Each structure stands twice: as structure tokens, then as C-alpha cells.
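Structure, as C-alpha cells:
The structure presented is a predicted model; accordingly, all values stated were derived computationally and were not measured.
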Amino acid sequence: MSVRDHFPSAAARSELQCHQLAAFVPLWSLATDWHEAPNERRGGWSGVSRHLLANGNTIFVKRQQDHLCRTLRHPLRGVPTFYREYLNILRLQRHAIGSLDALYYGDRRDAGHWQAILVTRALDDFSSLDEWNTANPQAAPPRRQSLIAAVASACARLHNHRLQHSCLYGKHVFVRRSPAVPDAYGEGDVRFIDLEKLRQGISRERAGAHDLDQLRRHTLGWNDADWQHFTQAYRQQMALLRR
């Protein structure tokens with residue numbers, strides 16, 4: 001049985017070591033309830049558990065078996081989808097684009113099955129854009145407009161690097177419940193999640209067109225005026241980034 005353990009930093013390894021969770025076996029056997037019921041498909045499964053550490057911090061432990069995706073490097077055998085998500089989290093961090101905070105990725109082959117784990121820090125101070133819109137239907141216009149502009153700015157930065165999220169729904173864009181600056185949202189208050197399908201697009205324009213069409217069709221709570229404000233802020237930010 002061959003195990004690969006990956007840590008994005010020494011600090012991440014040290015934090016998990018403090019809780020005896022810095023290895024594949026203790027994470028795989030961690031006794032927690034499912035936060036999301038396992039998704040079963042093509043002979044494999046994938047599920048998410050929420051775990052409270054002794055220091056009060058919360059992590060998500062995502063475990064899967066035989067959930068594979070094909071890549072250019074592995075067109076036949078494929079790789080665990082969590083590995084691609086882990087690499088994409090690190091890619092967004094390199095570009096200073098808000099995403100999850102990864103603590104660990106590991107995988108192993110066991111009795112002919114490919115098992116994988118991805119550990120991320122819980123976004124407890126955030127909610128999805130859909131949830132925010134539902135909870136704040138009467139938000140003051142300056143606060144609402146700053147949030148829309150912040151999401152537009154984050155999307156522009158993503159697409160400026162020709163990165164296409166490929167599943168850009170309101171439920172996959174997380175925003176801080178209370179912005180770092182009172183009543184004034186900024187790009188730093190936005191996080192992208194569910195990065196298994198993120199890929200390098202052919203061009204900024206095509207990546208943006210694909211994602212923004214999805215965002216408009218799969219986001220709750222924005223009216224035509226909101227979308228006009230979003231489009232204007234997105235175009236302005238793209239122009240600034242391309243200077």
C-alpha cells in the first residue's frame with residue numbers, strides 16, 4: 001500500500017500534527033458524521049465531514065474512493081478528483097485569488113481501490129452568495145452594491161489569468177458575512193469553492209463568457225439592476241488588470 005501525503009506548508013502540517021491528524025490513516029478512519037451524504041457514482045463514492053479540533057478550529061475532511069478524472073498526463077488511469085481540486089486551490093493562492101485554505105491532501109491504493117482525502121479549513125465566517133442574498137433582501141444599497149462589485153472584481157481576477165471555474169454558481173461563490181471594512185465589501189471578502197472543474201481557458205474572453213453565463217443562470221436574488229452593476233464593475237476591473 002503506497003500513500004502520498006501533501007501539505008501546502010509546514011504550518012499546515014504542524015497544525016494537524018497537534019491533533020494527531022497529519023497522516024492518511026487517522027484522517028481516513030476519523031469518526032465523524034457526514035456533513036454531506038456521500039455521493040455515489042460509477043462504482044465509487046465521495047463525502048464530506050465537518051470536524052471540530054480541540055483548539056476550537058473547524059475543518060472539513062473530504063474523503064472519496066474511486067472518484068477519478070482523466071487528465072492529459074493520466075488520460076487512461078486518471079487521478080482522484082480531490083487531487084485536481086487541491087492543485088487548483090494552490091493555483092488560485094499563487095494568483096492571490098480567494099479560495100479555500102487547504103491543510104492536507106493524501107491518496108493511496110488499497111485493495112485495488114484509489115482512496116483520497118482533502119482537508120480544508122471551514123469558511124465559518126462566510127456564506128454562499130445565494131445564502132447572503134436570501135438573508136439580506138433589504139440590504140442598504142451601498143452595502144449591496146459593494147458586495148456585487150467585490151464579486152465582479154474577484155471574477156475578473158480569475159478570468160484575467162485565463163482560469164475558468166466551469167461551475168460558477170451562486171452556491172460556489174462565498175462571501176464574508178460581515179465585510180472586513182464595515183458595510184464596504186472588497187475583493188478580499190470573496191472566496192471560490194468547488195474547484196474540481198477549474199481549468200486553463202483558451203482566452204480571457206472565453207473563460208469569462210462561460211463562467212458569467214453560468215453565474216447569471218444559477219444565482220439567486222439579483223435583479224436586472226444588480227446584474228448591470230456587476231457587468232459594469234467586471235468590465236472596469238478587467239480593464240485595470242490588463243493595463
Side-chain angles (χ1 to χ4, degrees), residues 1-71 73-94 98-128 131 165-167 169 171-172 174 191-198:
M1 184 187 302
S2 177
V3 177
R4 294 193 305 170
D5 294 313
H6 295 271
F7 298 89
S9 67
R13 182 197 295 268
S14 178
E15 181 173 359
L16 291 178
Q17 282 178 334
C18 289
H19 305 281
Q20 292 77 52
L21 293 175
F24 190 96
V25 172
L27 285 166
W28 186 260
S29 59
L30 189 63
T32 58
D33 293 331
W34 292 114
H35 181 73
E36 296 178 6
N39 173 27
E40 298 183 9
R41 65 180 181 186
R42 290 184 238 169
W45 58 266
S46 178
V48 183
S49 298
R50 180 182 173 93
H51 180 66
L52 180 65
L53 299 174
N55 63 2
N57 293 333
T58 306
I59 59 174
F60 280 113
V61 181
K62 302 176 69 173
R63 287 171 281 196
Q64 66 180 194
Q65 179 168 287
D66 295 335
H67 259 221
L68 306 176
C69 60
R70 291 179 174 83
T71 67
R73 185 172 294 181
H74 301 286
L76 298 178
R77 184 186 65 176
V79 296
T81 60
F82 286 169
Y83 184 56
R84 184 163 67 177
E85 184 173 12
Y86 174 72
L87 294 180
N88 283 332
I89 291 171
L90 300 186
R91 178 188 289 189
L92 292 197
Q93 290 176 344
R94 288 195 299 271
S99 181
L100 296 164
D101 184 9
L103 298 175
Y104 171 86
Y105 170 79
D107 58 39
R108 72 179 181 185
R109 298 280 292 182
D110 181 39
H113 297 288
W114 202 338
Q115 301 168 337
I117 302 172
L118 176 62
V119 179
T120 61
R121 201 179 306 281
L123 292 174
D124 285 340
D125 295 332
F126 291 73
S127 67
S128 74
E131 291 170 337
H165 186 285
S166 302
C167 196
Y169 298 178
K171 66 181 180 179
H172 297 149
F174 270 52
R191 301 286 186 274
F192 294 110
I193 70 164
D194 196 37
L195 302 175
E196 293 178 8
K197 297 181 180 179
L198 184 140

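Here the CD atom belonging to E196 is positioned 5.0 Å from the CD atom belonging to E85, to the nearest 0.5 angstrom. Note that CG of D194 and OG of S166 are 10.5 Å apart. Values are rounded to the nearest 0.5 Å. With rounding to the nearest 0.5 Å, the separation of CZ in R109 from OG in S2 is 10.5 Å. The CZ atom of R108 sits 7.0 Å away from atom CD1 of I117, with the distance rounded to the nearest 0.5 Å. Rounded to the nearest 0.5 Å, atoms NE2 (H51) and OG1 (T32) are 7.5 Å apart. Taken to the nearest 0.5 Å, the CD1 atom of I193 stands 12.5 Å off from the CG atom of L92.
Paired with R50 under the rule side chain to side chain contact (heavy atoms under 4.5 Å, CB included), one option of I59, D124, V61, D33 passes, and it is D124.
Side-chain atoms of L100 and R191, non-hydrogen and from C-beta on, never get closer than 4.5 Å to each other. Looking at W28 and Q65, their side chains come closer than 4.5 Å, going by heavy atoms from C-beta outward. Residues Y169 and S128 have side chains not in contact (no heavy-atom distance under 4.5 Å, counting atoms from C-beta outward). Using a 4.5 Å heavy-atom threshold, the side chains of L198 and R91 count as touching. Looking at L53 and L21, their side chains come closer than 4.5 Å, going by heavy atoms from C-beta outward. Two residues are said to be in side-chain contact when any heavy atoms from C-beta on lie closer than 4.5 Å; W114 and Q64 fail this criterion. With a 4.5 Å cut-off on side-chain heavy atoms, W45 and R63 count as touching. Between R121 and E15, the closest side-chain pair of non-hydrogen atoms falls below 4.5 Å.
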Legend entry - Residues F174, F126; criterion ring-ring contact (aromatic ring centres under 6.0 Å, His included); working and verdict: CA-CA 6 Å; F174 270 52; F126 291 73; 7.3 Å; no

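For the residue pair L16 and L103, the shortest heavy atom distance occurs at CD1-O, 3.9 Å. Across S127 and E131, no two heavy atoms sit closer than the pair CB-OE1, 3.5 Å. Listed here is the closest heavy atom pair of W34 and S49: CE3-OG, 3.4 Å. Nearest approach of A116 to F82, heavy atoms of both residues: O-CD1, 4.0 Å.
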Show which side-chain atoms of residues 5-13 pair as donor or acceptor with protein atoms under 3.5 Å away, not counting sequence neighbours.
unit_1 : atom_1 : unit_2 : atom_2 : d
D5     : OD1    : Y104   : OH     : 2.4
S9     : OG     : A12    : N      : 3.1

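Of the possible donor and acceptor atoms, one in the side chain of S99 sits under 3.5 Å from a partner among the backbone N and O of F192.
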